[in-house]
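The block underneath contains the structure these notes are about, expressed in structure tokens.
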2 protein chains.
Amino acid sequence: MSEQSVMDEATYLQQYDPKQFDSPLVTVDAALFTYHDGVLKVLLVERASHPELGKWGLPGGFIDVHRVADLTQAINGVIEDKTGITAPYLEQLASYGNNQRDKRGWSVTVSYTALMAYQACEVRIATVADAQWVDVEQLPEMTLAFDHMTIIEAGRERLKQKALYSIVPAYALAEEFTFPELQHLHELLIGKPLQKRSFRRRIEQANLLEDTGKFRKDAGRPAILYRLAADAEQYRFVRNLED
Amino acid sequence: MSEQSVMDEATYLQQYDPKQFDSPLVTVDAALFTYHDGVLKVLLVERASHPELGKWGLPGGFIDVHRVADLTQAINGVIEDKTGITAPYLEQLASYGNNQRDKRGWSVTVSYTALMAYQACEVRIATVADAQWVDVEQLPEMTLAFDHMTIIEAGRERLKQKALYSIVPAYALAEEFTFPELQHLHELLIGKPLQKRSFRRRIEQANLLEDTGKFRKDAGRPAILYRLAADAEQYRFVRNLED
DNA sequence: AGAATAGTGTCTCTGAGACATTATGCC
DNA sequence: GGCATAATGTCTCAGAGACACTATTCT
């Protein structure tokens, strides 16, 4: 004790053995959402190894301290591995840590919420046999690995809040999208219909979208195609939509 | 590989050695704020051991996997150890992890923001020689351990947002407090003066405070003492105050 | 023309901002 | 009374909610 207190830092670091104390396992996990065919989907992966082998869970994994320099690299690696692209929206969600969630022992996961366009990774997902988009409405019938259901719920709750005061959900759409599409996605997240007048007004006044000059034609009047303006991700409305 | 794939989970868990792979170090840290004498203060602790010995930093430490069951227990233990009480407001802030922030190697810290009344822990802090409230205005002149300055800034930014749409900052006050006190704290966090009419109106309409029937007398007209209503912590205003 | 969907006009109403005015204590 | 601070009265104005109305495509 008194010997340690006179030791200089260089000596201390040289003698330091990170394995002298038991340390939690550390993973990163991504709740990656997209919007397609009118429904919100989350990417799930079938576990190929113990524990919870065969169950579906979030893309994620241990931090390989020799291959990644920080948490962001770790989570981006996981997402790119499964989808082939970097998620255009990525935000740290929360960390979950206790001695129960993983049978191997005390473990901590740093979880992230991410959004990407369905089209951007459609081909890749189709070729990766163990990864699949799942309609969030089907989740209640599933048993996911670890506490991944809790993480997905937290991610959805966070996205709901974002839908109330930002345009962040737009990152789950294709690069070019229509107002009705965006509104429907927000309605899904918030869980109730929105006034289209209010929805348009606030987004237009904040200049969050650029008109592409193109239209999407379906049944009815064609809808103007927009893309996100630069810095739209940062914008926060002063007034929230009704919850 | 094929041998592992036919192994059952029990066997796998029995053979599993958590130390077979290098794992990050895991700590928890608390950015604990209070309000006293008209200034916002954060609790700092002088490091008694390497690395960064002698520097001041946030209360925190390694997760002792044999003594705590989850992250919340770990952070509460740290806070109680330094202050003698449980923080009435505690919220996970963010996790920071990379191979640079701690010289001992790849490390992750799960950080929290906490609030408590100055009076509630005044005595205890006075007896703990290595812990001290520091005016946040003095921080720019200090060099803190690890990335603790970044964590404090993130905690302050979070509190600023909370001040714009909630009454959460009130947890940094004594149990009984006045409207002008609360408003001043919000003004400190937001960084600009607020309209007292607006400030009162929204809080009164949301029924977030209970009148204690008591008054605080100083110079001028005595101010009514209030306490937080139950569930006040949960409340979010639909309209934010101006930033 | 009629169906379907996109987009606009416009009124109401809540609540934040601004700031003047009144209230209540102390000396 | 005069000073200091707390609390209220009241006007303006931005912007969300509601909903009727118009516009554009297709069959």
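Every chain is numbered from 1 and lettered A, B, ... according to where its sequence line falls, protein lines coming before strand lines.
Atom NZ of Lys196(A) is separated from atom P of dT22(D) by 14 Å (rounded to the nearest Å). As rounded to whole Å, 14 Å separates atom C1' of dG9(C) from atom CZ of Arg200(A). We find that CG of Leu209(A) is positioned 14 Å from C1' of dG7(C), with the value rounded to whole Å. In this structure, Gln183(B) atom CD and dG17(C) atom C1' are separated by 13 Å, rounded to whole Å. For the pair Leu225(B) CG and dG25(C) P, the computed distance is 14 Å after rounding to whole Å. Atom pair Leu164(A):CG and dG17(D):C1' shows a separation of 15 Å (rounding to whole Å applied). Here dG15(D) presents its P atom at 5 Å from CD of Gln205(A), a figure rounded to the nearest Å. Per the geometry, CD belonging to Glu204(B) stands 15 Å off C1' belonging to dA16(C), to the nearest Å.
Below 30°, between 30° and 60°, or above 60°: for His186(A) and Phe199(A) the angle between ring planes is above 60°, a perpendicular geometry. Aromatic ring orientation, Phe237(A) versus Tyr235(A): perpendicular (interplanar angle above 60°, classes split at 30° and 60°).
Near DNA chain C, defined here as any heavy-atom distance below 4.0 Å, there are no residues from residues 186-195 of chain A. Near-neighbour residues of DNA chain C inside residues 213-223 of chain B, defined by a heavy atom below 4.0 Å, number-ordered: Gly220(B), Arg221(B), Pro222(B).
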Applying salt bridge (Lys or Arg N to Asp or Glu O under 4.0 Å) to Lys162(B) and Glu91(B), what does each step give before you reach the verdict?
CA-CA 12 Å; Lys162(B) 299 271 180 198; Glu91(B) 181 199 11; 3.3 Å; yes
Kindly determine whether Asp135(B) and Lys41(B) satisfy salt bridge (Lys or Arg N to Asp or Glu O under 4.0 Å), including the steps that lead there.
CA-CA 4 Å; Asp135(B) 182 349; Lys41(B) 300 186 175 187; over 6 Å; no
Please evaluate residues Lys82(A) and Asp130(A) with respect to the criterion salt bridge (Lys or Arg N to Asp or Glu O under 4.0 Å), reporting the C-alpha separation (whole Å), side-chain torsions for both, the decisive distance (0.1 Å), and the verdict.
CA-CA 9 Å; Lys82(A) 295 298 175 189; Asp130(A) 67 340; 3.2 Å; yes
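Taking only distance into account, the side chain of Arg201(A) meets the base of dG17(D) through a donor-acceptor pair shorter than 3.5 Å. At a cut-off of 3.5 angstrom, counting only N and O atoms as typed in the model, there is a donor on one side and an acceptor on the other between the side-chain of Arg197(A) and the base of dG9(C).
Heavy atoms of Arg202(A) sit under 4.0 angstrom from primed sugar atoms or phosphate atoms, though from no base atom.
The Ser198(B) side chain lies nearest to dA16(C) when the options are dA6(C), dG17(D), dA16(C).
Summarising the geometry, atom OH belonging to Tyr96(B) is positioned 11.0 Å from atom OG1 belonging to Thr72(A); distances are rounded to the nearest 0.5 Å. How far CE of Met116(A) is from CG of Leu43(A): 8.0 Å, rounded to the nearest 0.5 Å.
Closest-nucleotide positions on DNA chain D for Asn240(A) and Phe179(B) were compared, and the one nearer the 5' end corresponds to Phe179(B).
Under the 4.5 Å side-chain criterion, counting only non-hydrogen atoms from C-beta, Thr34(B) is not in contact with Leu115(B).
Cation-pi contact between Arg200(A) and Phe179(A): present, with separation from the ring centre below 6.0 Å and deviation from the ring axis of at most 45°.
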